[in-house]
Amino acid sequence: MAEQPHNQQNSQNSQKNQRKRHPNQGVHKDIKKALGANERTQQNRLTPRINTKSSAKVRITPLGGLGEIGGNITVFETDRSAIVVDVGMSFPTEDMHGVDILIPDFTYLREIKHKIKGIVITHAHEDHIGAVPYLFKEMQFPIYGTPLPLGMIGNKFDEHGMRNHKSYFRYVEKRKPIRIGDFEVEWMHVTHSIIDASALAITTDAGTIIHTGDFKIDHTPIDGYPTDLHRLAYYGERGVLLLLSDSTNSHNPGITKSEASVGPTFDLLFSRAKGRVLMSTFSSNIHRVYQAIEHGIKYGRKVCIIGRSMEKNLDIAMELGYIKLPTNIFIEPHELGKYPDNEILIVTTGSQGEAMSALYRMATNEHRHVKLKPSDTVILSAKAIPGNEASVSALINFIQKCGATVAYQDFSEIHVSGHAAQEEQKLMLRLTKPKFFLPVHGEYNHLMKHKETAVKCGVPERNIFLMSDGDQIEVTPKYMKKIKTVRTGKTYIDNQLNEEIANDVVIDRQKMATEGIVVIVAQIDKDTKKFITPPKVSSFGLVADAKDKAFAKEISDLLEQFLANKPDLVEAPKKLENDFRQVVRKHIFRKYKKYPTIVPTIFIM
């Protein structure tokens, strides 16, 4: 075989090497084309589909629920109409003496009353519906919701003597949009720690707004109805202008456990219990109550429901068919003595250690029918609401002093949250693909953490705003910005009377609790301009009882000296009272570093 020339051989080797590096030039072009097409598809599916040609605007104003846990209420409005999403209550702090609940300040609603076309309810928790009766005492609008929330609001109207206001109820169907003023609203099912919770799709001329309400994504809920991810994804594909999403558990990594995970813990506790079992949880957590009752039935126990709110909520859930239980398992409190302890389950209120609750009274031997025994097992199937830790701890101490066994935080699945953790929040963001994002429901640190999660899920930081109560946000397809701040605040309520407590009354109570009170009664001769007898001085919360007499003489001497220096003030009793108040206040602050409430009463004889 003839030897090939050197240059020809090099050329052939070069072609072989090129074929090894680029085996098929045609396939290479097809790959580039497919890669480019897929890249465009990925970008298109992640980009919100918003009609940027629209000039429509929507304003969003939270009046409660931000910077706090509870008290949720948000106004959505256009130039012509408005809707209010939820009207919730919150709980007072320890220094709000005699205050049972807090409701939002309705000043802004009064200003736009002519525009409000309806109240929209997401679910039946107190922090979303608890203030509705107080709003309706002043102004009434159609109120839209699914059956359970409206049923529970109806119970409240009955308690407040407002049955006629049930005529404003408008029952809605999930997945069926309805028109309310300029807004088209659709309720979408979500799982939460209460039955029949909903997220909202609010469609406007500016675009679609998704409000999640309170939610978690439970794939194995007790009733078999998981969060409607398909509908959320549907709106995500159509294009979501703005997402408002629950931030309560934004610090929690991973996912929130299913409500069903509580069942095995209940089973273990019921199987071990030798005497009565008492289970306490939030009265609205019907599925938790249902699970406890199921285990009571399994272990041959009769069920006694104690606590007005627990009874009403269970009754309405059974009446509406949300849960089904045989009626012959229930007994009344006065029948408890007819059955052995190991055949009794008591489901009761009081998991937050409320002083007037049924469980608290049982633990302090003040309940009419039930006193705790050493053989009892008490299951606290609820986490302390922030601020209630001390009262829950006190309740546990009382239960243990009775000798009963307490199951509280000993088992990780004795209680599960109803709010989404980070991975569920991410799923909500990915499904809805919003252009703008407003984290809601929680304190500032919760909103901030939720913002971080949203940025990781592709929402530009410039498209996220951390609101405070009263911030009015304007959103259009092109921008989102704060335009003004409206008045917000809290109104104090005495739940025993279902009446408002004036702000100055609460302030006076706080002052008396921290600074004390001094009462002065004096009789003055109008002719001699001297005290007829030494002023009578009584003090409370300022000095110890052993020092009362010395303190009274100290103040009495001070006033006698003051009057001797300014006898002409007797001609002006009101000014004299005020001057007495001022001189005593200055003296007490100099000596005791307190500003007590001073109540002088002067009689000119």
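All values derive from a computational prediction rather than experimental measurement.
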Is it true that Y134 and H160 have ring centroids separated by less than 6.0 Å?
-> yes
So, for Y299 and F266, is the gap between ring centers shorter than 6.0 Å?
-> no
Could you list the residues that satisfy ring pair (Phe, Tyr, Trp, His ring centres under 6.0 Å) with F157, not counting sequence neighbours?
-> F136, F169
Which side-chain hydrogen bond (donor to acceptor under 3.5 Å, both in side chains) pairs, counting each pair once, include a residue from residues 338-351, with sequence neighbours left out?
-> D341-K373
E354: side-chain hydrogen bond (donor to acceptor under 3.5 Å, both in side chains) partners, not counting sequence neighbours | none
Would you list the pairs meeting salt bridge (charged side-chain N to carboxylate O under 4.0 Å, His left out) in which at least one residue belongs to residues 265-294, sequence neighbours left out?
-> E259-R288, D267-K298, R276-D376
With sequence neighbours left out, the residues meeting ring pair (Phe, Tyr, Trp, His ring centres under 6.0 Å) with F141 are none
Please list, chain by chain and in numerical order, all residues satisfying side-chain hydrogen bond (donor to acceptor under 3.5 Å, both in side chains) with K257, sequence neighbours excluded.
-> E413
Ring pair (Phe, Tyr, Trp, His ring centres under 6.0 Å) against H219, all qualifying residues, sequence neighbours excluded = none
Sort and list the pairs that fulfil salt bridge (charged side-chain N to carboxylate O under 4.0 Å, His left out) and have at least one residue in residues 309-334, not counting sequence neighbours.
-> E159-K312
Residues passing the side-chain hydrogen bond (donor to acceptor under 3.5 Å, both in side chains) test with E423, sequence neighbours excluded, are K426
Does a side-chain heavy-atom distance below 4.5 Å link I517 with L542?
-> no
All side-chain hydrogen bond (donor to acceptor under 3.5 Å, both in side chains) counterparts of S280, not counting sequence neighbours = none
Could you tell me how the ring of H419 sits relative to the ring of H192: parallel (under 30°), tilted (30 to 60°) or perpendicular (over 60°)?
-> perpendicular
Would you call K490 and E68 a salt bridge, using N to O less than 4.0 angstrom?
-> yes
Hey, can you tell me if H295 and F270 have their rings parallel, tilted or perpendicular (30° and 60° cut-offs)?
-> tilted
Charged N to carboxylate O under 4.0 angstrom, D228 versus R175?
-> yes
Check the pair E126, K156 against salt bridge (Lys or Arg N to Asp or Glu O under 4.0 Å), reporting the backbone distance first and the verdict last.
-> CA-CA 11 Å; E126 289 294 310; K156 292 181 178 297; 2.8 Å; yes
For F282, check ring pair (Phe, Tyr, Trp, His ring centres under 6.0 Å) against everything at least two apart and list the hits.
-> none
D127 meets the salt bridge (Lys or Arg N to Asp or Glu O under 4.0 Å) criterion, sequence neighbours left out, with none
Under 3.5 Å, is there a donor-acceptor pair between the side chain of E424 and the main chain of I217?
-> yes
